[in-house]
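Here the structure is laid out as structure tokens; the discussion comes afterwards.
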There are 2 protein chains.
Amino acid sequence: MVDIARLAGVSTSTVSRALSGSSLVNDETKKRVAELARSLNYTINIGAQNLRLSQNRTIAVVIPYDAANRQHVSDPFFLSMLGSLADAITDCGYDMLISRVDADRLDEAAQIYEGGRAIGIILIGQWQHHDQLNDLAVRRVPIVVWGAQLPQQYYCTVGSNNVEGGKLATEHLVSHGRSRIVFFGDRQLPEVSHRYAGYMQILENHHIPLREELYVSSAFTVESGKQALHQLLKSKIPFDAVFACSDLLAMTVISGLRTEGIHVPHDVAVVGYDDIELSQHFHPPLTTVKQSIDVAGRTLVEALVELMAGKAPSPLLLPTSLIVRSTSA
Amino acid sequence: MVDIARLAGVSTSTVSRALSGSSLVNDETKKRVAELARSLNYTINIGAQNLRLSQNRTIAVVIPYDAANRQHVSDPFFLSMLGSLADAITDCGYDMLISRVDADRLDEAAQIYEGGRAIGIILIGQWQHHDQLNDLAVRRVPIVVWGAQLPQQYYCTVGSNNVEGGKLATEHLVSHGRSRIVFFGDRQLPEVSHRYAGYMQILENHHIPLREELYVSSAFTVESGKQALHQLLKSKIPFDAVFACSDLLAMTVISGLRTEGIHVPHDVAVVGYDDIELSQHFHPPLTTVKQSIDVAGRTLVEALVELMAGKAPSPLLLPTSLIVRSTSA
DNA sequence: GTGAAAGCGCTAACAT
DNA sequence: ATGTTAGCGCTTTCAC
């Protein structure tokens, strides 16, 4: 900037004003400065500008990871969420910083905000870290979490209506005459526990006994899904349907069943969750509970913007819908 | 920082030194400062620190978008790349900024660097923007591009060996007795054109005539794939195999063929490209050319780090391998 | 319409 | 072992 000022024969103040389009500066000077800047490939230093203005246009997206398995992001739904957020954040004129933090040290996420790295945080992956998230909210860190709404919650969540999703899937299976429905997922996770609540409710409505042995715990990975299915088959517990907590898990289950000669949907009906793009191309095309990823991304950003504006957005529940295809008919 | 200094009864310099673990400061003072900082939830302001030290630990990942279709990131391979980069960048101790820029204004990417927003750029999506990328390199912007190595190239690329990939797929199909192999993709794109070159070469080796009508142009989207397949089927051109330029496209093709009563692999063999996670769970499990996403992410980051260190890393070609499953047997 | 000067939050000589 | 001072690149009062 000093260089431009020297070359243009004006002061840095004038250059600054010219570049920001201030009306106080002579049009001719403006033009001269603009040209000089272009020819020197000069761009304003955002860090310095931010410092001076005490401002910032960066939103951080935090993805916690388990220090134990240190597994990387691979679930298609999460990945799509990243894509959706990239678009939504860009569209709102913000920059997007991606940060992975140790799930046991979520408070580190606060430093991104408190250190001025970003003006707000979107966290994907609520897992079991309710208390840590509450701590963040109490510290007044502007944070919006993708996940389930829980009692005693001080932070803002955006998530799909998991109870409804659980009901939709279960009702559909029951209405097709299935009664031994395996619930496939990890109900320790808030979102999954809500889906399980929906599942239980529908069973109760239809006076179908809830069987603990039909609950199969599995994390959101292919590996975990394979193992869980293996256990289930080995146990010889009879079942005629599976409600899987993600499409990835549903596809894993269907593949596994197929290699055992069990036919989907004839022997076992399967319903997934998420409606990732590939689900419609799977064979058989997957019946699933749709969470709209586009809406999710936009809503998360909107909620965060509100929060940063000093308002207190209430937790948001996005509608889910059942997409009936061929794995359940 | 001023506050802490006042409360600790020392100067800001001492606080700064204490916080950075300088050996010049009394252990007792250090402890006092550290405690104060913790209790106030104080974190150093990275922006100011960067400004003062003229440093920066941020790497930008740029994803160009077509202003025309403004379609968002949705290809599973790209998305996985994002995940892989997030891990690789984090592991190297850098922050990751995601930025979408208009594909026709790639020079805007330079501002991310020149404006001090990031110290280096990884660009995913070379498309047809060879010249713009060269301009960036000439401007000495540290940039590494995921894509194909082209003649007259001044920027550094990392990409899989697309010629080899094309050969692998085609050789495999030919060796299974297929001779009317549809090439499914957009050969305007550098990476795809290399795959096409490999495809042509193998046909020539086997004295199989190259037929222009077996080239089917399709972008990397489901929609585009559906349409292209529709055109192909309508044209009644006979074919006994398809080499699709992404797994997503391959799955789209297989679904489309199935609804027409065409059996894969009996009537038509299909080979995809990428080996995304879902390919093994597809039915039938997809034969495909694997690009290792983990290696890709790490390699991109390594190349960029070298580049930033002032070295001139040569374009890198990652090996590909054929994963034979059931769509081609 | 333009310049001089102060300061955003931090660090590193240079004192002491 | 600690304080004083200057300055990273920018914007903005306040003068003129």
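Letters go in sequence order (proteins before strands), and every chain restarts at 1.
Counting to the nearest Å, the C1' atom of D:dG9 and the CD1 atom of A:I44 are 9 Å from each other. Between the C1' atom of D:dT12 and the CE atom of A:M1 lies a distance of 11 Å, rounded to the nearest Å. The distance from atom CD1 of B:I4 to atom C1' of C:dC10 is 13 Å, rounded to the nearest whole Å. Regarding B:Q55, its CD atom lies at a distance of 14 Å from the C1' atom of C:dG9, rounded to whole Å. Between B:Q111 atom CD and D:dG9 atom P there is a gap of 18 Å when expressed in whole angstrom units. If you measure from atom CG of B:L19 to atom P of D:dA1, you get 18 Å, rounded to the nearest angstrom. Atom C1' of nucleotide C:dG9 and atom CG of A:N56 are separated by 14 Å, given to the nearest angstrom. Going from atom CG of A:N45 over to atom C1' of C:dC10 covers 14 Å, rounded to whole Å.
Counting heavy atoms from C-beta on, the side chains of B:M96 and B:L85 come closer than 4.5 Å. Side-chain contact between B:P190 and B:H130 is absent, with no heavy atoms from C-beta onward closer than 4.5 Å.
Nearest nucleotide to the side chain of A:N26, out of D:dA1, C:dT2, D:dG9: C:dT2. The side chain of B:R17 lies closest to C:dA13 when the candidates are D:dG9, D:dC14, C:dA13. Each of C:dC10, D:dC10, C:dT2 was ranked by its minimum atom distance to the side chain of A:Q49; first place goes to D:dC10. Nearest to the side-chain atoms of A:L24 among the listed nucleotides C:dC10, C:dT2, D:dC10 stands C:dT2.
Screening A:N162, A:V295, A:L300 against A:L318 for a side-chain contact (heavy atoms from CB on, under 4.5 Å) leaves a single residue, A:V295.
Residue B:Y42 has no polar side-chain atom (N or O) positioned under 4.0 Å from OP1 or OP2 of C:dG9. Distances shown here put every side-chain N or O of A:S11 at or beyond 4.0 Å from the OP1 or OP2 atom of C:dA4.
A donor-acceptor pair under 3.5 Å links the side-chain atoms of A:Q132 to the main chain of A:A103, judged by distance alone.
At a cut-off of 3.5 Å, with distance as the only test, no side-chain donor of B:E35 or B:S39 sits close to an acceptor on the other residue.
A:V10 comes within 4.0 angstrom of sugar-phosphate atoms only, judged by non-hydrogen atoms across all strands, and of no base. As judged by a 4.0 angstrom heavy-atom cut-off over every strand, A:L53 is placed among residues touching the sugar-phosphate backbone only. B:S54 comes within 4.0 angstrom of nothing in the nucleic acid, heavy atoms only. Heavy atoms of A:S20 sit nowhere under 4.0 angstrom from any nucleic acid atom. Residue contacts shown for B:G115 are absent, as no nucleic acid heavy atom lies under 4.0 Å away.
Nearest-nucleotide assignment on DNA chain D puts the 5′-proximal partner with B:S23, out of B:L51 and B:S23. When each of A:S16 and B:T14 is assigned the nucleotide of DNA chain D with its nearest heavy atom, B:T14 is the one assigned upstream, toward the 5' end.
Relative orientation of the B:W146 and B:F77 rings is tilted, given thresholds of 30° and 60° on the angle between their planes.
With hydrogens and angles ignored, a donor-acceptor pair closer than 3.5 Å exists between the side chain of B:S13 and the base of D:dT4.
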